[in-house]
Each structure stands twice: as structure tokens, then as C-alpha cells.
Amino acid sequence: FFFFFQAEDGIRDAQESRGLGDVYKRQVSTQSTWGKLFESSRKMAESAAVTIAYWGVQGRAEPLRQLAEYLHIPYVNKKYTDPQAWLADKATLNAPFPNLPYLLDGDKVVTETQAIALYLVYKANREDLLGKTPEDRVWAKVVGGVLEDLARDGMGLVYNPNWETELPKVVAEKITPRLKKLNDYLAGKKFFLGDNIALVDFGAYFDFHVIRAIQASAISEHPNIVTFINTFENIPEIKAYLASDRYQAKPILSPMAPLKI
């Protein structure tokens, strides 16, 4: 699953530097000077940024990207489009369990999606996202388990060569019952743990996003889930990300899957 993202630049726009031109107007190579400043700024930003690496689709890395965006953690989104390139990097990746996605932060390497999410939370000093109380943290695990089952049902359809014939049955017998329970649980709540967003909400949003792409009506029939999706998408950091060129809308999962979303 692949993707690409530009690092945050220290100087976002040359217009921000208006007024400095007079200082340098007697220099022969103003463009060259500014070019060096831009390049230096870019390198400094990238050296401070983490790297999130994955295939060139949304996939497992998308909730991590959205989490980094929300936490204001600068990151470089590295995508692999050639399996051989990944295999070459995998052989030299200084990690006991090399896998995709992986995160680089200086000399640190973290693999496995949930571990990377935890790392980002700790890096941002936002342990509140795990749940404000022990009870919240337990319920986050409960909801996470239900979401794993929902994701498994969705993935099973996407990679099933007979998905067209299986889809109505899987939606009716597996996906819809799970969505109904999640919808009921969200009654009166803004997010899954209440009024405050939590780590579990990032995974939930992506799982609903996948189901919506498979069959939109499965989601639209559940008003609390629809409200949750709208609320999540209107978080300022997420809204800005989804509207930016950093966001890759398609493909969500592997383009080689029988059911293409």
C-alpha cells in the first residue's frame, strides 16, 4: 500500500519573505541566494521530521499520516512502488522485525502499525489520546477489537475474487450487524470515548472509510456513524490535510485487489 508526502518546509512561500529583497538587492545572484536558503530550510525540516514508509496507497499507513497531521509532527511520507526497492531497504533496515509500514526517527526504527501509532502519541506527549482514565483505555481496546473484526470483513471482500456474489451476504450478515452495534455505542457521543478524540478514533475513521468505499449505503444507514465521520473530517488538522495535495484519495487499498477501491 503506497503513498507520498512532502515534508514541511521551513519557508512555505516566497511571499512570506517580502521586505528582505532590499537587503540583498546589490547582490549579483539573489535567486541563487534564496535557492540556497530554501534548500537549507528543506533539509533542516526533513532532518527534524520522521519518515513514514509504506506502499503507494492509503492502506495501513493512512491512519498514521492523519495522526501525525493532527499531532503536528512533521513527516516525510515515503512510498514504495517497486517491491525490489522495498526488499533492498528491508535488508538494511536496522529493525528486528522489518515490515511495512515503518517509521524512522533519527536512529530509531519502529515497525507494526499499532506500535508506530503509540510512538507518535508518546513523541507528541499526548498520552491522553489513549484514554483519560483506566476505564477509557479498556473501552478503547474493546472498540478496537470490534473494529478489527469489521476491517477483516471489509478486507475479505476486497481481496475475494468472487466479491460480486459474496458482497450482499457479507454486508447483510457480518458488516451491517457490526456497524449497528458501533452506531448504537456512539449514541450521545462525539467520539468513541466521549467528547474528546482518542487514538481509537483514527482507526475507526479509516475502517468506516473502507466500508463506505465498498458500499456507501452500509454507512449511510447508520446516522451516528455518519455524524462521527463528519465530525472527524472537520477537525481542523484533518480537514486541511484532506483538502491538500498531501492527501492521496485513491487507491485506498492495493490496485491489484479484485475489488478496487
Side-chain angles (χ1 to χ4, degrees), residues 1-9 42-131 137 140-141 143-145 147-149 151-152 154-156 158-159 198-207 209-210 237-238 241 246-248 251-257:
F1 303 166
F2 336 7
F3 197 81
F4 175 72
F5 176 65
Q6 296 177 345
E8 290 290 337
D9 292 336
R42 183 189 66 79
K43 289 182 177 179
M44 288 177 64
E46 288 192 358
S47 67
V50 302
T51 294
I52 298 174
Y54 197 56
W55 300 112
V57 301
Q58 290 187 13
R60 291 180 181 272
E62 187 60 19
L64 301 176
R65 300 181 191 110
Q66 293 177 0
L67 181 60
E69 294 276 347
Y70 175 73
L71 295 172
H72 298 275
I73 296 176
Y75 67 102
V76 176
N77 197 354
K78 181 174 182 178
K79 67 173 180 178
Y80 288 99
T81 57
D82 179 3
Q84 294 305 313
W86 157 235
L87 290 175
D89 283 358
K90 182 179 181 180
T92 60
L93 197 64
N94 186 27
F97 307 105
N99 203 353
L100 288 174
Y102 67 78
L103 177 143
L104 299 179
D105 187 9
D107 59 355
K108 300 182 182 69
V109 183
V110 184
T111 57
E112 300 303 322
T113 307
Q114 293 187 20
I116 295 170
L118 278 175
Y119 184 90
L120 293 172
V121 166
Y122 291 138
K123 182 178 178 68
N125 195 28
R126 288 293 307 275
E127 292 185 48
D128 59 291
L129 291 176
L130 305 179
R137 297 187 181 199
K141 292 295 184 182
V143 172
L147 291 168
E148 286 179 9
D149 293 337
R152 190 178 301 111
M155 295 292 183
V158 169
Y159 292 98
L199 183 59
V200 68
D201 296 307
F202 288 84
Y205 172 76
F206 184 71
D207 291 340
H209 176 56
V210 170
E237 293 87 351
I238 301 300
Y241 168 65
R246 304 190 300 277
Y247 177 64
Q248 177 179 316
I252 298 173
L253 299 176
S254 173
M256 295 181 289

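All residue numbers in this chain count up from 1 along the given sequence.
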E62 and H209: side chain to side chain donor-acceptor pair (under 3.5 Å), yes or no, with the steps? CA-CA 11 Å; E62 187 60 19; H209 176 56; over 6 Å; no
Non-hydrogen atoms of P101 and I116 that approach each other most closely: O-CD1, 3.6 Å
Show your reasoning for whether side chain to side chain contact (heavy atoms under 4.5 Å, CB included) applies to F206 and R60. CA-CA 9 Å; F206 184 71; R60 291 180 181 272; over 6 Å; no
Look up atom CG in L120 and atom CD in E69, then write down how far apart they are to the nearest 0.5 Å. 11.5 Å
Dump the intermediate steps for side chain to side chain contact (heavy atoms under 4.5 Å, CB included) on F202 and I238, then the final yes or no. CA-CA 10 Å; F202 288 84; I238 301 300; 4.3 Å; yes
Sub-3.5 Å donor-acceptor pair from the side chain of T111 to the main-chain atoms of F97, do we have one? yes
Does the pair I73 and L67 meet the rule for a side chain to side chain contact (heavy atoms under 4.5 Å, CB included), with working shown? CA-CA 9 Å; I73 296 176; L67 181 60; over 6 Å; no
Does any part of the side chain of V158, heavy atoms only, come nearer than 4.5 Å to the side chain of I252, both counted from C-beta? no
For V200 and A140 the tightest heavy-atom approach is CG2-O, 3.7 Å
What is the distance from atom CG of L87 to atom OG1 of T92, rounded to the nearest 0.5 Å? 11.0 Å
Please test Y247 against Q58 for side chain to side chain donor-acceptor pair (under 3.5 Å), starting from the C-alpha separation and ending with a verdict. CA-CA 9 Å; Y247 177 64; Q58 290 187 13; 3.2 Å; yes
Please list all pairs meeting salt bridge (Lys or Arg N to Asp or Glu O under 4.0 Å) that have one or both residues in residues 89-109, counting only residues at least two apart or in different chains. K78-D89, D105-K123
How close do A53 and L100 get, counting heavy atoms only, and between which atoms? O-CD2, 3.7 Å
I'd like to know whether Y122 forms a side chain to side chain contact (heavy atoms under 4.5 Å, CB included) with L130, so could you lay out the CA-CA distance, the side-chain angles of the two residues, the decisive distance to 0.1 Å, and finally the verdict. CA-CA 10 Å; Y122 291 138; L130 305 179; 3.9 Å; yes
Sequence neighbours excluded, which residues qualify as side chain to side chain donor-acceptor pair (under 3.5 Å) partners of E127? none
Would you mind reporting whether L103 and L64 have side-chain heavy atoms less than 4.5 Å apart? no
Side chains of L93 and L104: does their closest heavy-atom pair fall under 4.5 Å? yes
For Q114, is the CD atom crowded, meaning more than 12 foreign heavy atoms sit under 6.0 Å from it? no
For G59 versus L253, what's the shortest heavy-atom pair and its separation? CA-CD2, 4.1 Å
Give me the atom names and distance for the closest heavy-atom approach of I52 to N77. O-OD1, 3.1 Å
